[in-house]
Amino acid sequence: QLAMARHVGEALNLSGQIDDAIALHAQAAQFAESKGVLAFASHVLALLGDAHGRAGRVVEALTIGERALQLARRLGQRGDEAWALYLLGNIRSYGACANANAARENYQEALALARKLEMRPLEAQSRFALAELAKTAGRKRDASEQFNTAAAMFRDMGMPFWLERTESALKAL
């Protein structure tokens with residue numbers, strides 16, 4: 001059930017149903033912690049933090065995201081650590097409080113760990129995020145390189161949602 005809640009909550013978050021995502025992730029995190037099912041807790045917490053960030057509650061999002069990262073590291077869950085870093089990058093790139101340098105640092109750490117762990121979807125998503133930051137900073141060449149690499153990876157992995165987003169971003173450069 002926790003795995004299902006994690007995936008459904010992530011889909012709700014990505015589709016803009018943020019309040020529903022927050023409610024589901026909060027319930028899943030509370031359940032995981034109350035039952036001592038820590039194997040899922042760090043990833044669910046990271047997703048909860050990301051949803052709070054999308055909702056504009058960046059301070060709360062950062063607190064939750066950092067907690068997720070610390071838990072993943074404490075438990076030696078390297079894959080969840082990589083996802084927590086990526087989602088912390090997302091949180092640090094949201095809204096008026098955005099901190100591009102901190103977001104870039106998180107994305108680069110997530111990318112390096114994803115490469116090491118052979119987590120290709122996360123590697124491609126981290127490249128996409130780094131490209132978005134480069135684009136915002138006016139570094140079109142860097143953005144183009146990252147978008148092109150991410151697009152090739154999404155194409156190879158058969159990830160049409162992300163491929164479409166990446167190709168649209170490339171056209172808008």
Side-chain angles (χ1 to χ4, degrees), residues 3 6-7 9-11 13-15 21 25 39-54 58 61-95 97-173:
R6 181 177 78 184
H7 295 298
E10 189 170 11
N13 195 15
L14 288 173
S15 68
H25 287 314
F40 290 100
S42 60
H43 196 86
V44 170
L45 283 172
L47 291 168
L48 176 61
D50 185 53
H52 276 289
R54 287 177 189 263
V58 177
L62 286 170
T63 300
I64 295 168
E66 288 291 344
R67 192 167 139 222
L69 179 60
Q70 291 168 4
L71 180 60
R73 286 179 171 162
R74 184 170 53 97
L75 296 175
Q77 296 173 319
R78 301 288 284 164
D80 286 342
E81 178 183 351
W83 276 107
L85 287 163
Y86 169 77
L87 292 169
L88 276 168
N90 284 355
I91 293 165
R92 288 187 165 104
S93 68
Y94 293 140
C97 300
N99 182 336
N101 290 333
R104 184 178 309 102
E105 187 176 303
N106 285 138
Y107 289 140
Q108 287 171 336
E109 286 181 70
L111 175 61
L113 190 50
R115 266 196 235 144
K116 182 177 182 177
L117 299 174
E118 298 180 3
M119 299 172 68
R120 288 182 48 82
L122 180 57
E123 180 182 345
Q125 286 177 253
S126 297
R127 288 184 181 283
F128 177 88
L130 286 166
E132 286 285 314
L133 288 176
K135 177 179 148 186
T136 301
R139 297 187 339 265
K140 288 186 178 186
R141 183 171 177 245
D142 290 343
S144 179
E145 287 176 14
Q146 292 285 15
F147 279 138
N148 279 311
T149 301
M153 293 178 79
F154 291 135
R155 192 175 297 106
D156 289 346
M157 291 182 286
M159 296 176 68
F161 171 81
W162 283 98
L163 178 59
E164 185 178 311
R165 283 185 70 186
T166 307
E167 288 176 341
S168 293
L170 267 168
K171 288 177 186 172
L173 263 183

Is any side-chain heavy atom of N13 less than 4.5 Å from a side-chain heavy atom of L47? no
Under the side chain to side chain contact (heavy atoms under 4.5 Å, CB included) test, residues paired with A112 that sit two or more places apart: none
Which heavy atom in A61 sits nearest to a heavy atom in G53, and how many Å separate them? CB-N, 3.3 Å
For the residue pair S126 and A110, what are the closest heavy atoms and their distance? OG-CB, 3.8 Å
A82 and L122: which non-hydrogen atoms are nearest, and at how many Å? CB-CD2, 3.4 Å
Do N90 and L87 come close enough that some side-chain heavy atom pair is under 4.5 Å? yes
R120 meets the side-chain hydrogen bond (donor to acceptor under 3.5 Å, both in side chains) criterion, sequence neighbours left out, with none
Residue pairs, two or more places apart or on separate chains, that pass salt bridge (Lys or Arg N to Asp or Glu O under 4.0 Å) and touch residues 102-112: R73-E109
Report yes if the side chains of Q125 and W83 come closer than 4.5 Å at any heavy-atom pair, otherwise no. yes
Are D50 and R54 close enough that some pair of their side-chain heavy atoms sits under 4.5 Å apart? yes
List for me each residue that meets side-chain hydrogen bond (donor to acceptor under 3.5 Å, both in side chains) alongside H25, sequence neighbours excluded, and say none if there are none. none
Which residues pass the salt bridge (charged side-chain N to carboxylate O under 4.0 Å, His left out) test with E164, sequence neighbours left out? none
Give, for atom CD of E132 and atom OG1 of T166, the distance between the pair rounded to the nearest 0.5 Å. 8.5 Å
Nearest heavy-atom pair of L173 and K140: which atoms, and what distance? CD1-O, 4.1 Å
Partner of S42 under side-chain contact (heavy atoms from CB on, under 4.5 Å), chosen from L71, L75, L69: L71
In this structure, CD1 of I64 is separated from NE2 of H52 (nearest 0.5 Å) by 4.0 Å
Compare every heavy atom of G9 with every heavy atom of A21, then report the nearest pair and how far apart it is. CB-O, 3.5 Å
Any donor-acceptor N/O pair, Y107 side chain to L130 backbone, under 3.5 Å: no
Value for CG (L133) from CZ (F128), rounded to nearest 0.5 Å, stands at 10.5 Å
D142: which residues meet the side chain to side chain contact (heavy atoms under 4.5 Å, CB included) condition with it, sequence neighbours left out? A134, R139
Donor-acceptor contacts, no H, no angles, side chain residues 145-161, under 3.5 Å, sequence neighbours left out:
{"unit_1": "Q146", "atom_1": "OE1", "unit_2": "R127", "atom_2": "NH1", "d": "3.0"}
{"unit_1": "N148", "atom_1": "ND2", "unit_2": "S144", "atom_2": "O", "d": "2.9"}
{"unit_1": "N148", "atom_1": "ND2", "unit_2": "S144", "atom_2": "OG", "d": "3.3"}
{"unit_1": "T149", "atom_1": "OG1", "unit_2": "E145", "atom_2": "O", "d": "3.0"}
{"unit_1": "R155", "atom_1": "NH2", "unit_2": "E167", "atom_2": "OE2", "d": "3.1"}

For K135 versus A143, what's the shortest heavy-atom pair and its separation? N-CB, 3.7 Å
Any residue meeting side chain to side chain contact (heavy atoms under 4.5 Å, CB included) with A98, in chain and number order, not counting sequence neighbours: none
Among residues at least two apart in sequence or on other chains, which ones pass side-chain hydrogen bond (donor to acceptor under 3.5 Å, both in side chains) with S168? none
Taking side-chain hydrogen bond (donor to acceptor under 3.5 Å, both in side chains) as the definition, give me every residue that meets it alongside R165, ordered by chain and number, with sequence neighbours left out. none
